[in-house]
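Every chain is numbered from 1, with letters handed out A, B, ... down the list of sequences. We use all heavy atoms of the structure for the numbers below, so side chains are in, but hydrogens, waters and symmetry mates are not.
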There are 2 protein chains.
Amino acid sequence: MTDKDRSPSGKSGPSSGRDPERSRRLLIEATLESIARKGISETTVSRIIEHAGVSRGMIHLHFGGKDKLLEEAARTFCEAYYIEMDRQLAGVSDGPTETIMAIVRADLSEELLNERSVAIWHAFRGVARLNPAIAHYSDTRDARLRGMICDAFHALLESEGDAGVADDITMGTLALLEGMWTDFLTHPDAFSRQAAVRIVSRFLEAMFPGRFRI
Amino acid sequence: MTDKDRSPSGKSGPSSGRDPERSRRLLIEATLESIARKGISETTVSRIIEHAGVSRGMIHLHFGGKDKLLEEAARTFCEAYYIEMDRQLAGVSDGPTETIMAIVRADLSEELLNERSVAIWHAFRGVARLNPAIAHYSDTRDARLRGMICDAFHALLESEGDAGVADDITMGTLALLEGMWTDFLTHPDAFSRQAAVRIVSRFLEAMFPGRFRI
DNA sequence: ATTGTAAATGGACGATCGTCCATTTAAGCA
DNA sequence: TGCTTAAATGGACGATCGTCCATTTACAAT
């Protein structure tokens, strides 16, 4: 261990000290918090630095501008979704049915679907069409997750049916989940996680009788 | 017909003349057009009046401020959805199956689901959570549409099953449609209207065998 | 023709936006 | 203890935001 490892990331200094990594993290977190609470249009440089407790020049210094910071915030937020999704999927690997339901339950779990996340998610969606960098992170679930679900449905279908059926059901299932997120956004009080899981289960049980019993 | 009917709304004057109604309409249309093309954050007073071809003071004069104009634009946009939906639903009244599929086809039709509408819809969604007035128009389909679908599913279920089943399937169907809109937003080029209708049909056919044959 | 009324104009205004940079501060090295 | 380097500061800057109002314009009634 060289002297260099006695860097500011160690817990020696209580708070104030040189730590560019910490500054970056503070800014990203403050940005996401501001978007969640005040919306993206009211997420200004002044508000971000106030929440982060840093000086005005930090955004330009560490990110090169407000837009780049927003992009990094979107990336971080998207990354956090998959990290938590993987965490909840860690213990499950029994079969296609369990895999699919594990993904569904995780996507609708309190850790992933809550007022904060749904607010941030839809805020980014609103500006995604004109900001390709953000659009990339606003995609309807990524290829890996889609692949996992599609493979599971393929296994469930065995060899019967067309090749496109599994793709259709995959897209339908993802669309169902998307719709649940939107419902949470528009009716945060009336929303029921249990009902949401039950509804998805109903559709899948109808599709594969006996496999997704409620 | 009194003299008053020779108002500016008549086609006497070619373009310039007093017509507060026309000014209001121009401003609302310009607002929606700007949101569709530039996003809500770049929809400024300057841009709106430029597109509308009116003077700066008009927004404050006719709407009392930019926020009120945005709210009116959201109302108008939402209203247009239901007007077109009703138009497409006008000829259908055969049975529950036809009613449901007519709503699905209409919701996914080019008139209702297109790049412009999906951009505006998601832009409003993005700011809805902090703007109650706009949130009201961003609701996931209104009570009337939901009621029509729910009644149809009730009829399809006849007397079997719990009372909540129809509600569940209704919410699932609406969620599916919401998800399709989101997919159109994130993948406008890859999206297929035909595939979207087919996927919804698959799920409903699984739920009610023989009723929603593809 | 004159007057009254309301629509329409467009510039002034203060506030706030994001960017940038001269300066200060703190940590590592000689 | 100086010296170097990079992190951090915070105010200045021009641009642009939305609001507002004194003024002009156009139409209807007198």
Side-chain angles (χ1 to χ4, degrees), chain A residues 1-28 30-31 34-35 38-73 127 131, chain B residues 1-28 30-31 34-35 38-73 127 131:
Chain A
M1 181 183 275
T2 72
D3 248 332
K4 204 166 194 180
D5 285 336
R6 201 142 26 83
S7 61
S9 58
K11 48 177 73 172
S12 57
S15 64
S16 81
R18 295 295 171 81
D19 194 344
E21 202 73 23
R22 178 175 172 273
S23 297
R24 280 180 59 95
R25 200 181 59 247
L26 282 174
L27 281 169
I28 290 175
T31 302
S34 172
I35 291 174
K38 299 286 181 178
I40 217 166
S41 63
E42 288 194 40
T43 294
T44 64
V45 168
S46 299
R47 197 183 300 275
I48 294 171
I49 61 164
E50 185 189 359
H51 279 72
V54 300
S55 67
R56 194 160 189 74
M58 292 284 262
I59 292 177
H60 178 257
L61 176 66
H62 286 297
F63 298 92
K66 189 199 173 190
D67 289 342
K68 305 279 186 61
L69 169 57
L70 277 180
E71 184 184 329
E72 277 297 287
V127 300
N131 192 328
Chain B
M1 182 183 277
T2 71
D3 247 328
K4 205 164 192 181
D5 284 337
R6 200 139 32 77
S7 61
S9 58
K11 46 176 76 171
S12 56
S15 65
S16 78
R18 295 295 171 80
D19 195 343
E21 202 72 23
R22 178 173 173 275
S23 298
R24 280 180 59 96
R25 199 181 58 246
L26 281 175
L27 280 169
I28 290 175
T31 302
S34 173
I35 291 174
K38 299 287 180 176
I40 218 167
S41 63
E42 288 195 41
T43 294
T44 65
V45 168
S46 300
R47 197 183 299 274
I48 293 171
I49 62 164
E50 186 189 359
H51 279 71
V54 300
S55 67
R56 196 162 188 71
M58 291 286 261
I59 291 177
H60 177 256
L61 177 67
H62 287 298
F63 298 92
K66 189 199 173 190
D67 288 341
K68 306 282 188 59
L69 169 58
L70 277 180
E71 184 185 328
E72 277 297 288
V127 300
N131 192 328

Asks: Has A/Lys66 got a side-chain atom pairing as donor or acceptor with A/Thr43's backbone, closer than 3.5 angstrom?
Replies: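 Checked: pair present.
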Asks: When the distance from CD1 of A/Ile48 to P of D/dA8 is rounded to whole Å, what number comes out?
Replies: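 So the CD1-P distance, A/Ile48 to D/dA8, works out to 17 Å.
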Asks: Please state how far atom NE2 in A/His62 lies from atom P in C/dC20, giving the value in whole angstrom units.
Replies: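 After rounding, the reported distance stands at 16 Å.
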Asks: Taking all heavy atoms of B/Ser34 and all of B/Glu42, pick out the closest pair and write down the distance.
Replies: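 For B/Ser34 and B/Glu42, the tightest heavy-atom pair comes out as OG-O, 4.2 Å.
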Asks: Expressed as a whole number of angstroms, how long is the span from B/Arg56:CZ to C/dT9:P?
Replies: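 My rounded result for the distance is 13 Å.
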Asks: Does D/dG18 have OP1 or OP2 sitting under 4.0 Å from an N or O in the side chain of B/Ser46?
Replies: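 Result: no.
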Asks: For B/Met58 and D/dA26, what is the distance between atoms CE and P respectively, to the nearest whole Å?
Replies: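 Roughly 13 Å, once rounded to whole Å.
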Asks: Flag the pair B/Val45 / B/Leu69 as yes when at least one side-chain heavy-atom distance between them is below 4.5 Å, and no otherwise.
Replies: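 Heavy-atom side-chain distance check fails, nothing below 4.5 Å.
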Asks: Tell me the interatomic distance from B/Leu27, atom CG, to C/dT9, atom P, rounded to whole angstroms.
Replies: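 Taking atom P of C/dT9 as the reference, CG of B/Leu27 is at 10 Å.
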Asks: In this structure, how many angstroms lie between the P atom of D/dC17 and the CD1 atom of B/Ile59, rounded?
Replies: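 So the CD1-P distance, B/Ile59 to D/dC17, works out to 12 Å.
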Asks: In whole angstrom, give the distance that lies between atom CZ of B/Arg24 and atom P of C/dA6.
Replies: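 B/Arg24 atom CZ is separated from C/dA6 atom P by 17 Å.
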Asks: Of the options C/dC17, D/dA8, D/dG18, whose atoms approach the side-chain atoms of B/Thr44 most closely?
Replies: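 Nearest listed nucleotide: D/dG18.
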Asks: Starting from C1' on C/dA6, measure out to CG on B/Asp19 and report it in whole angstrom.
Replies: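 My rounded result for the distance is 13 Å.
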Asks: Go nucleotide by nucleotide along DNA chain D from the 5' end; which of B/Glu42 and A/Gly53 gets its closest nucleotide reached first?
Replies: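 Checking each residue's closest nucleotide, the 5'-ward one belongs to A/Gly53.
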